[in-house]
There are 2 protein chains.
Amino acid sequence: MHKYKDIGFALTPQRIAILEYLDGNKGHPSADEIYKAILGTLPTMSLATVYTTLAALNKRGKLRMLTIDPEKRRYDPDIADHSHMICISCKRIIDLDGDAHYALPEALVKDFSVLTCSIELTGLCPNCKQQERASTEEDQYVR
Amino acid sequence: MHKYKDIGFALTPQRIAILEYLDGNKGHPSADEIYKAILGTLPTMSLATVYTTLAALNKRGKLRMLTIDPEKRRYDPDIADHSHMICISCKRIIDLDGDAHYALPEALVKDFSVLTCSIELTGLCPNCKQQERASTEEDQYVR
DNA sequence: ATTAATGCAAACACTTTGCAATGGA
DNA sequence: TCCATTGCAAAGTGTTTGCATTAAT
């Protein structure tokens, strides 16, 4: 047991539950989603613990904190540089995998320390594109 | 007067002040920064008005709402697709202009409605790269 | 045994909203 | 005049923090 031994922090049941929930998770969950999902099996889990654990994982580079959703932070266990698209209607975040590519300007690589890099798209996913509800009212064209 | 006549909303002194503050502004200000900057000349300005005006401009496509700063929304009057880098130390957002380039995957263009697209980098700007304070403690490697 | 992590509640920061008063069109 | 906009205050949401209790190493 304990594939998570090398993270560099104490392995509590709460942290193991979070790690297991995130492992391979492609859903880009929010802290609250993670919290609610774990509550079923670990009824003493608290939201504060979720937040502090996510911060600890992020600090150790085991997790990506996504800012693409203007309403709340989303978390991604896939720490490789990759791209995202968010559907401004259903708020789903889709991985763009390796399909998109980019080239960093030379000057930037020299003068800055680049830590992460990703392409961020906003738009409508196929589902929401169809429905195309007359919700133009509250649409926010973010980014 | 009134280069802003075609926006499609009533031109109040508050809105004109916001539009003038944003015009050509490359600083990617937050709502509060805009508010404080205008307070000097328009002492009755309220933060709520800043927020509602920014939302109105965004809805009309006259403004980009940036999510790259995990702490607060930032606003960009430059509505052309372009890229940003945020310094995780000083929180400055730098335009990457046309230097970086990307290619959207075919499948995406077909099945999705892409509204915006930008490259988002995180890292350290030249200034902060030097100082490189032992602030590793609270660093958040966002995105 | 020691030190770090948990869980609760309170505090925080940013953003939105209800509503009466005001002022553009 | 009439309807949209303002400004204030209160409420809403997501996130962080202080602290006593608990548990991992």
Side-chain angles (χ1 to χ4, degrees), chain A residues 1-2 4-19 28-39 41-60 62-63 65-75 86 91 93 137-140 142, chain B residues 1-2 4-19 28-36 38-39 41-60 62-63 65-75 91 93 137-140 142:
Chain A
M1 209 193 167
H2 290 162
Y4 303 121
K5 214 179 283 181
D6 57 333
I7 295 181
F9 64 18
L11 278 182
T12 65
Q14 291 84 346
R15 287 179 170 174
I16 292 172
I18 292 171
L19 288 164
H28 311 92
S30 65
D32 194 62
E33 261 174 274
I34 297 169
Y35 168 64
K36 288 202 170 69
I38 293 174
L39 255 193
T41 53
L42 236 178
T44 73
M45 173 65 80
S46 87
L47 230 201
T49 298
V50 173
Y51 274 109
T52 56
T53 299
L54 291 170
L57 288 170
N58 181 54
K59 188 165 77 172
R60 289 167 176 75
K62 304 295 183 188
L63 186 70
M65 208 177 256
L66 307 183
T67 61
I68 192 174
D69 182 346
E71 292 173 8
K72 56 182 77 138
R73 294 191 197 160
R74 310 273 292 254
Y75 298 87
I86 187 167
K91 313 295 163 65
I93 296 175
E137 198 56 25
E138 76 268 52
D139 276 352
Q140 291 192 334
V142 174
Chain B
M1 208 199 170
H2 289 161
Y4 303 122
K5 214 180 282 182
D6 56 335
I7 294 182
F9 64 18
L11 277 184
T12 64
Q14 292 84 344
R15 286 178 172 173
I16 291 171
I18 293 171
L19 288 164
H28 310 92
S30 65
D32 194 61
E33 262 174 272
I34 297 169
Y35 168 65
K36 288 201 169 69
I38 292 174
L39 255 194
T41 54
L42 236 180
T44 73
M45 173 66 79
S46 87
L47 231 200
T49 298
V50 173
Y51 274 110
T52 56
T53 299
L54 290 170
L57 288 170
N58 181 55
K59 189 164 78 174
R60 289 167 175 75
K62 304 295 182 189
L63 186 69
M65 207 177 256
L66 306 184
T67 62
I68 193 174
D69 183 346
E71 292 172 10
K72 56 183 75 137
R73 293 190 197 160
R74 311 272 293 255
Y75 297 87
K91 310 299 162 65
I93 296 175
E137 198 56 27
E138 75 269 50
D139 278 350
Q140 290 193 335
V142 173

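Naming convention: chains lettered A, B, ... in sequence-line order (proteins, then strands); numbering from 1 in each chain.
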| request: Kindly write out the residues that satisfy side chain to side chain donor-acceptor pair (under 3.5 Å) with Thr53(B), not counting sequence neighbours, or none if the list is empty. | output: none

| Within this structure, what is the OH-to-P distance between Tyr35(B) and dT6(D), rounded to whole angstrom? | 14 Å

Check nucleotides 11-15 of chain D against the protein and report each pair of N or O atoms closer than 3.5 Å, with its distance, or say if there are none.
from: dT15(D); atom 1: OP1; to: Arg73(A); atom 2: N; distance (Å): 2.8
from: dT15(D); atom 1: OP2; to: Tyr51(A); atom 2: OH; distance (Å): 2.3
from: dT15(D); atom 1: O5'; to: Tyr51(A); atom 2: OH; distance (Å): 3.1

| field | All side chain to side chain donor-acceptor pair (under 3.5 Å) counterparts of Arg15(B), not counting sequence neighbours | value | none

| query | Taking atom P of dT15(C) as reference, at what distance in whole Å does atom NZ of Lys59(B) sit? | reply | 19 Å

| said: The criterion is side chain to side chain donor-acceptor pair (under 3.5 Å); which residues satisfy it with Thr52(A), sequence neighbours excluded? | reply: none

| remark: In 5'-to-3' order, the base (B), backbone-only (S) or no-contact (-) status of each nucleotide in nucleotides 2-7 of chain C, using a 4.0 angstrom heavy-atom cut-off, is ---SSB

| request: Return the set of residues passing side-chain contact (heavy atoms from CB on, under 4.5 Å) with Ile7(A) (not counting sequence neighbours), or none when no residue passes. | output: Tyr4(A), Phe9(A), Leu19(A), Leu57(A), Arg60(A), Lys62(A)

| query | What integer distance in Å separates Leu19(B):CG from dT5(D):P? | reply | 13 Å

| If only atom types and distance count, is the side chain of Arg74(A) paired as donor or acceptor with the main-chain N or O of Leu66(A) below 3.5 Å? | no

| task | Applying side-chain contact (heavy atoms from CB on, under 4.5 Å), name anything that partners Ala31(B), two or more places apart in sequence or on another chain. | result | Leu47(B), Val50(B), Tyr51(B), Leu54(B), Tyr75(B)

| query | How sharply is the helix from dA1(C)-dT25(D) to dA25(C)-dT1(D) bent, taking the axes over five pairs at either end and rounding to 10 degrees? | reply | 40°

| message | Which residues pass the salt bridge (charged side-chain N to carboxylate O under 4.0 Å, His left out) test with Lys36(B), not counting sequence neighbours? | response | Asp32(B)

| field | Partners meeting side chain to side chain donor-acceptor pair (under 3.5 Å) with Thr41(A) (sequence neighbours left out) | value | none

| task | Whole angstrom is fine here: how far is it from CD1 in Ile16(B) over to C1' in dA25(C)? | result | 13 Å

| message | Tell me the interatomic distance from Asn58(B), atom CG, to dT16(C), atom C1', rounded to whole angstroms. | response | 15 Å

| task | Could you check how far CG of Asp6(B) sits from P of dA25(C), rounded to whole Å? | result | 14 Å

| message | What is the separation between atom CD1 on Ile7(A) and atom P on dT25(D), rounded to the nearest whole Å? | response | 12 Å

| So how far is it from Ile68(B) CD1 to Ile68(A) CD1, rounded to the nearest 0.5 Å? | 11.0 Å

| Nearest-0.5 Å distance, CG of residue Asn58(A) to CG of residue Leu63(A) | 6.0 Å

| request: Round to the nearest Å and state the distance from Leu11(B) atom CG to dG23(C) atom P. | output: 17 Å

| said: Just to verify, what does Lys91(A) make a salt bridge (charged side-chain N to carboxylate O under 4.0 Å, His left out) with, not counting sequence neighbours? | reply: Glu71(A)

